[in-house]
There are 6 protein chains.
Amino acid sequence: MALVIRNTPRTDLALVDALGAIGVATLHEAQGRRGLLGAHLRPIYRPVRVAGTALTCEVPPGDNWAIHVAVEMAQPGDIVVVTPTSPCEDGYFGELLATSFMAHGVRGLVIDAGVRDVADLTKMGFPVWSRAVSAQGTVKQNPGNVQVPIVCAGAAVRPGDVIVADDDGVVVISREDAASVLALAREREANEVAKREQLAAGVLGIDMYDMRADLAARGLTYRDYEG
Amino acid sequence: MALVIRNTPRTDLALVDALGAIGVATLHEAQGRRGLLGAHLRPIYRPVRVAGTALTCEVPPGDNWAIHVAVEMAQPGDIVVVTPTSPCEDGYFGELLATSFMAHGVRGLVIDAGVRDVADLTKMGFPVWSRAVSAQGTVKQNPGNVQVPIVCAGAAVRPGDVIVADDDGVVVISREDAASVLALAREREANEVAKREQLAAGVLGIDMYDMRADLAARGLTYRDYEG
Amino acid sequence: MALVIRNTPRTDLALVDALGAIGVATLHEAQGRRGLLGAHLRPIYRPVRVAGTALTCEVPPGDNWAIHVAVEMAQPGDIVVVTPTSPCEDGYFGELLATSFMAHGVRGLVIDAGVRDVADLTKMGFPVWSRAVSAQGTVKQNPGNVQVPIVCAGAAVRPGDVIVADDDGVVVISREDAASVLALAREREANEVAKREQLAAGVLGIDMYDMRADLAARGLTYRDYEG
Amino acid sequence: MALVIRNTPRTDLALVDALGAIGVATLHEAQGRRGLLGAHLRPIYRPVRVAGTALTCEVPPGDNWAIHVAVEMAQPGDIVVVTPTSPCEDGYFGELLATSFMAHGVRGLVIDAGVRDVADLTKMGFPVWSRAVSAQGTVKQNPGNVQVPIVCAGAAVRPGDVIVADDDGVVVISREDAASVLALAREREANEVAKREQLAAGVLGIDMYDMRADLAARGLTYRDYEG
Amino acid sequence: MALVIRNTPRTDLALVDALGAIGVATLHEAQGRRGLLGAHLRPIYRPVRVAGTALTCEVPPGDNWAIHVAVEMAQPGDIVVVTPTSPCEDGYFGELLATSFMAHGVRGLVIDAGVRDVADLTKMGFPVWSRAVSAQGTVKQNPGNVQVPIVCAGAAVRPGDVIVADDDGVVVISREDAASVLALAREREANEVAKREQLAAGVLGIDMYDMRADLAARGLTYRDYEG
Amino acid sequence: MALVIRNTPRTDLALVDALGAIGVATLHEAQGRRGLLGAHLRPIYRPVRVAGTALTCEVPPGDNWAIHVAVEMAQPGDIVVVTPTSPCEDGYFGELLATSFMAHGVRGLVIDAGVRDVADLTKMGFPVWSRAVSAQGTVKQNPGNVQVPIVCAGAAVRPGDVIVADDDGVVVISREDAASVLALAREREANEVAKREQLAAGVLGIDMYDMRADLAARGLTYRDYEG
């Protein structure tokens, strides 16, 4: 049996967009270094940044039927997040599906598998993070699950969670944590302004962060070169 | 012993060029989802598209002598397809060989190994699909085989077969199938125009393809979210 | 215990810059096909070329404290070369550290691990060769070693050795060999000019290099196609 | 902050042991082809089979402190399931920790990282499924989380879920599903007895399953060899 | 469309068995270092050696229906050789299929994908070479091709070719070459007896093969250690 | 040019044998968690343990001539350590070379490439750690270097250094450090006896090591399960 869950809750788009103004690395730090999807997911073009609400999709190896099913559940602001039920690098997604996604306001695709038509997708400005680029076609015989909680590239993703993706990769932030992560991330960004100025002026990080005593306590020893 | 086979047949270039007007993904579908080379072969620059007739070359690990031998067999419109006899990521090919290839009308290189001088190759506009970029030099001590049937990146390639390569990867189409695959691919492209319009207008793929009954028959079930 | 070695010798920058005018593949050939770092180290943007003196740094998995320590040892012209003590793809380095590096005249980073903020690093024009791009943050709890001899991506690197890196990868040239490798590389480049002209004019490499007898002696045999 | 959750519920051991009498492949089928951990997790010795309740543990790269913390939470029948917060192959676990685990009734270890002392672990009969064997030592500086829901090798695992592991790999069965999966798996095993007898007697599967019509409907065509 | 080719020719079993008395490495050398399947195919138990005639089978990702179809084509002495149409590590094969294979005289399985029930297969003494061990189940929805020429693990295999597999891997020998390869391999084995005796007696290979002049000509230079 | 360095110093065999009585993991810890070769080097049979003095050998891809050259330099107690100049998985070594090695007192082989005849090597009791098992043959055309300092599997190895290898992997200990590492490793082993007893008696590691205060200081927090 394959399931589609309707009317799943979504994070408010204003909150999503505010998170999307911040980079993936900072958001990941702000939520305690959690929620990153595996670094093998790479964008098909760069630079790129997008934020949206997760529309989840679980597909069998070599079968993209569920992605077609997922479109019906799409709302503007969604990012479709696809995971295969066993490892697969086939090209599940191309420009026809992207055309359909864009018509429904979908902002991007995150897929732990392959995609194709990447020249067209780049021209269309439809951002994709994938494990592979592969022209290998897929069948439509087994519908998978849509809008169920999934594991994608090692991270747990639920429908409606916030996805932010950029040149550095993809992070998921749960609906419940979105507001607090935003606050922490903004604080972090604010703190970095002063640090950046000091570092640009040549101040050493180990002085700026007052680390010399800690380093010595941890055994750091300086010696002169003796050949 | 190493062999060079002379006077191998080639697909007509008009047919090759007609196939080259179509993307790899479509051609792969049109010939029944066959003939793709492994997705680990990636172009050194993007966007790119090229079509040509396979000039095959089999090389020992770390030895590129046979590629020099292959140039003599080259005809305008060829794409050199190189496979190592055991896995190797050395840089078999660089700008000097590319200069020689271009002088003989070779259109590109597909190699299940490494290449170097990729900045120069990019400037020269000589397209390459490879497993790796590596500056590692090779020797010239063992001639391999030229214009024999080979397996490259998991696909069987014969001299004169059609090679089409783009941002999505590389596909081989046999001499015998080239005309029929072209016809099927054109039909496929024509069909996609109307589909694209419908999808762009927001029609759901599952409606456009009339899939709802099939999906239900395969067990697809809709439920409302219950938290 | 963690060590920082002060006052390590460096290759003269004039020599470094002269080497930096030559590509990695040519330098690697000129020093007898030695000194390449593994081809899995890839630049975060292309095209790119940089040369500098190695500032070495050894870091625990998931801990970038030693990179902060390394900045104090930096001199204009250095390239920081970082190796983890066990394999790790975390994002050890981002734009704040790059800001600090640039303020101290560091020309680039070579790291057998991950980096993040690659969109910013690209905008800043700070070149990086890495194993991965990953937003995964690191801690500051264990200082590693700075300016000790290391193995990075399979190559032995000592402080002050010359590092040249471009689109093809990264090569290390020892302080002692820098001058002689420069001479050999220039000779090689000079020789290639005439070869390039001949090849561009359609001369076959096997004729230009006078290889036909050798090829026959090694068993190369020509046959006509028989279907 | 690092968390240890106390008093997490566990699946009843009688149920666990009944599931452990059945192989991983059958259990995975019985619960709808779900719950397998990635096939890169391999046993350090074979043959082997174990079942237990998941005691979850999340560790930083190169830091095994949380595994020491986990022992205090152990109850007889547990299998410790360890996931690193970023990919790592260090040797987090060896015979001293195994000695401690065995003293507390822990039945085995599943770890998406490396282990060491595998000769000793084999002699002790302590079963381990890991991503790697590596002597690389780890530090004790950052406690991770214990008995929180985790993702291990691509599968979501909660404290107290059933883990069954054998030569084929590792499967997780949720506490809620354990009884129903047991029933379905037993049914499946029962059905296989008759099938096995028929197949052993030479009956073709396509006849036993009555597949010939379906195959023809799906386009299966028989032809005679023509050379 | 999926094809089954009936009445494909097979190499004579007496010849197959004679080849099976010789190891894979020797046979591979005897046929000019050709025909090895990729070294990622590993036996599920060791030591092991088997020879047979290839019964080829091409399967979609995650679908093992064609393996069931293949049984009907089986003859005593066959080894089933399975390749997926795109990379897949699912467990296509287990003890029920092995039971069926054994009932029809099939001697083993070579599969560039995953298998399961390896404990049972080991007990049954049914030899398998695979890319992975995985409990992941497959579906029966798309019949693939049976007894067509395939590429498996980088090697071209035709129905009826000889497959020999042992602890070192898998080699394919074409029907046409089987007799000549046998002769050459036996000669090679005979030659090795005398060499083995000399080497066991302490004669240096470089003397036995009279290599010193060649080595000097290739630039080999001896120096004394100078610290 | 290829070099053979004669009369390189070796660690005293009594010291080597004393180190060989201790496991790789303990020795690696005793020398400050340094000197491990990459975990991708695996023994061809288990259990196994060997110690010896490194006889180093650098080989081109697909060419094992230097291994034949190395035998002349062999002394009883040596372990041959082979690294390819670029990554290669060919089968550089088999039972004939092992016969020759054993005749000269060589105790084992460590190779960052492939080996073959592993069934024979296992029967002969000749231990090998390799990256791959592959029947792929190699040529004898380019002598490499023998008894020069090399990098093997990420670790720097000099002729005469101590190599200890077991089921966990391979460690190198420099000639200069051998005695001190032995002392530290014995101390470490002695300390572990008491720890093992306590752990076996059920004492928690976090109590035995008195870690509770440290854990709390690092933020470890205990909570009760709340569903």
Side-chain angles (χ1 to χ4, degrees), chain B residues 1-9 44-45 62 64-74 89-91 94-105 114-124 131-148 158-160, chain C residues 23-43 46-49 154 164-171 188 191-209 211-212 214-227:
Chain B
M1 197 181 67
L3 270 183
V4 182
I5 307 296
R6 283 183 298 216
N7 303 318
T8 51
I44 59 167
Y45 59 82
N64 76 346
W65 213 6
I67 303 181
H68 291 266
V69 172
V71 184
E72 194 179 15
M73 296 299 111
E89 300 204 344
D90 290 353
E95 63 93 9
L96 280 183
L97 270 167
T99 300
S100 182
F101 274 19
M102 290 177 88
H104 290 266
V115 294
R116 57 187 190 175
D117 300 335
V118 293
D120 290 323
L121 297 173
T122 301
K123 264 183 272 171
M124 295 161 71
R131 167 188 285 270
V133 172
S134 169
Q136 177 71 42
T138 53
V139 298
K140 287 169 190 59
Q141 291 186 330
N142 275 312
N145 298 310
V146 174
Q147 293 290 57
V148 301
R158 298 169 313 154
Chain C
V24 166
T26 299
L27 293 169
H28 153 75
E29 292 283 350
Q31 74 172 337
R33 292 192 187 127
R34 303 181 71 82
L36 269 190
L37 279 68
H40 60 274
L41 296 191
R42 297 297 302 141
R46 284 178 50 199
V48 64
R49 165 95 55 82
V164 185
D166 64 15
D167 293 27
D168 286 345
V170 184
V171 69
R188 195 176 176 90
N191 288 343
E192 288 190 349
V193 174
K195 288 185 195 169
R196 190 174 296 113
E197 278 173 20
Q198 284 193 272
L199 295 172
V203 177
L204 290 173
I206 56 174
D207 290 324
M208 185 176 81
Y209 297 112
M211 288 168 164
R212 289 188 187 268
D214 275 1
L215 284 163
R218 300 284 324 169
L220 189 70
T221 307
Y222 290 80
R223 287 200 195 148
D224 277 315
Y225 179 74
E226 295 173 350

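Source: prediction; values computed, not measured. Just so it is clear: chains get the letters A, B, ... in the order the sequence lines come, proteins before strands, and each one is counted from 1.
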Practice problem: Mind running side chain to side chain contact (heavy atoms under 4.5 Å, CB included) on T122(B) and D167(C) for me, showing each step along the way? | Solution: CA-CA 10 Å; T122(B) 301; D167(C) 293 27; 5.9 Å; no

Quiz item: Just checking heavy atoms, which of residues 218-227 of chain C are less than 4.5 Å from chain B?
Solution: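 Listed by number: R218(C), G219(C), L220(C), T221(C), Y222(C), R223(C), D224(C), Y225(C).
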
Self-check item: Contact residues of residues 32-39 of chain C (partner chain B; heavy-atom separation under 4.5 angstrom)
Solution: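 Within residues 32-39 of chain C, near chain B: R33(C), L36(C), A39(C).
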
Need one label for [X]: side chain, backbone, both or neither, based on atoms under 4.5 Å from any heavy atom in chain B.
| X | result |
| --- | --- |
| R49(C) | neither |
| D166(C) | neither |
| E29(C) | side chain |

Exercise. Mind ranking G169(C), G205(C), A200(C), A201(C) by heavy-atom pairs under 4.5 Å with chain B and telling me who comes out on top?
Key: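 Option with the top pair count is A200(C).
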
What closest approach, in Å, do [X] and [Y] show between heavy atoms, and which atom pair accounts for it?
| X | Y | value |
| --- | --- | --- |
| A66(B) | G144(B) | CB-N, 3.4 Å |
| G94(B) | D117(B) | CA-OD2, 3.3 Å |
| D90(B) | G137(B) | OD2-O, 4.3 Å |
| E72(B) | I206(C) | OE1-CD1, 3.4 Å |

Practice problem: Tell me, with the steps shown, if F101(B) and I67(B) meet side chain to side chain contact (heavy atoms under 4.5 Å, CB included). | Solution: CA-CA 10 Å; F101(B) 274 19; I67(B) 303 181; 3.6 Å; yes

Could you tell me which portion of [X] (side chain, backbone, both or neither) has an atom closer than 4.5 angstrom to a non-hydrogen atom of chain C?
| X | value |
| --- | --- |
| A119(B) | both |
| H68(B) | both |
| Q147(B) | neither |
| K123(B) | neither |

Quiz item: Should the pair R116(B)-D168(C) be classified as a salt bridge under the 4.0 Å nitrogen-to-oxygen rule?
Solution: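 Looking at D168(C) together with R116(B), the answer is no, because their closest N to O distance does not fall below 4.0 Å.
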
Do [X] and [Y] come close enough that some side-chain heavy atom pair is under 4.5 Å?
| X | Y | value |
| --- | --- | --- |
| D214(C) | Y209(C) | no |
| M124(B) | T99(B) | yes |
| E89(B) | Q136(B) | no |

If you count heavy-atom pairs under 4.5 Å between each of [options] and chain C, which one has the most?
| options | value |
| --- | --- |
| T138(B), N142(B), V146(B), N145(B) | T138(B) |
| A74(B), A135(B), S100(B) | A135(B) |
| I44(B), V71(B), V69(B) | V69(B) |

Exercise. Go through E95(B) and L199(C) one step at a time and tell me if the side chain to side chain contact (heavy atoms under 4.5 Å, CB included) criterion holds.
Key: CA-CA 11 Å; E95(B) 63 93 9; L199(C) 295 172; over 6 Å; no

Quiz prompt | From L204(C) atom CG to M211(C) atom CE, the distance as rounded to the nearest 0.5 Å | solution =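 Here the interatomic distance stands at 11.5 Å.
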
Quiz item: If you round to the nearest 0.5 Å, how far is CZ of R196(C) from CG of L96(B)?
Solution: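 The CZ atom of R196(C) is 5.0 Å from CG of L96(B), to the nearest 0.5 Å.
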
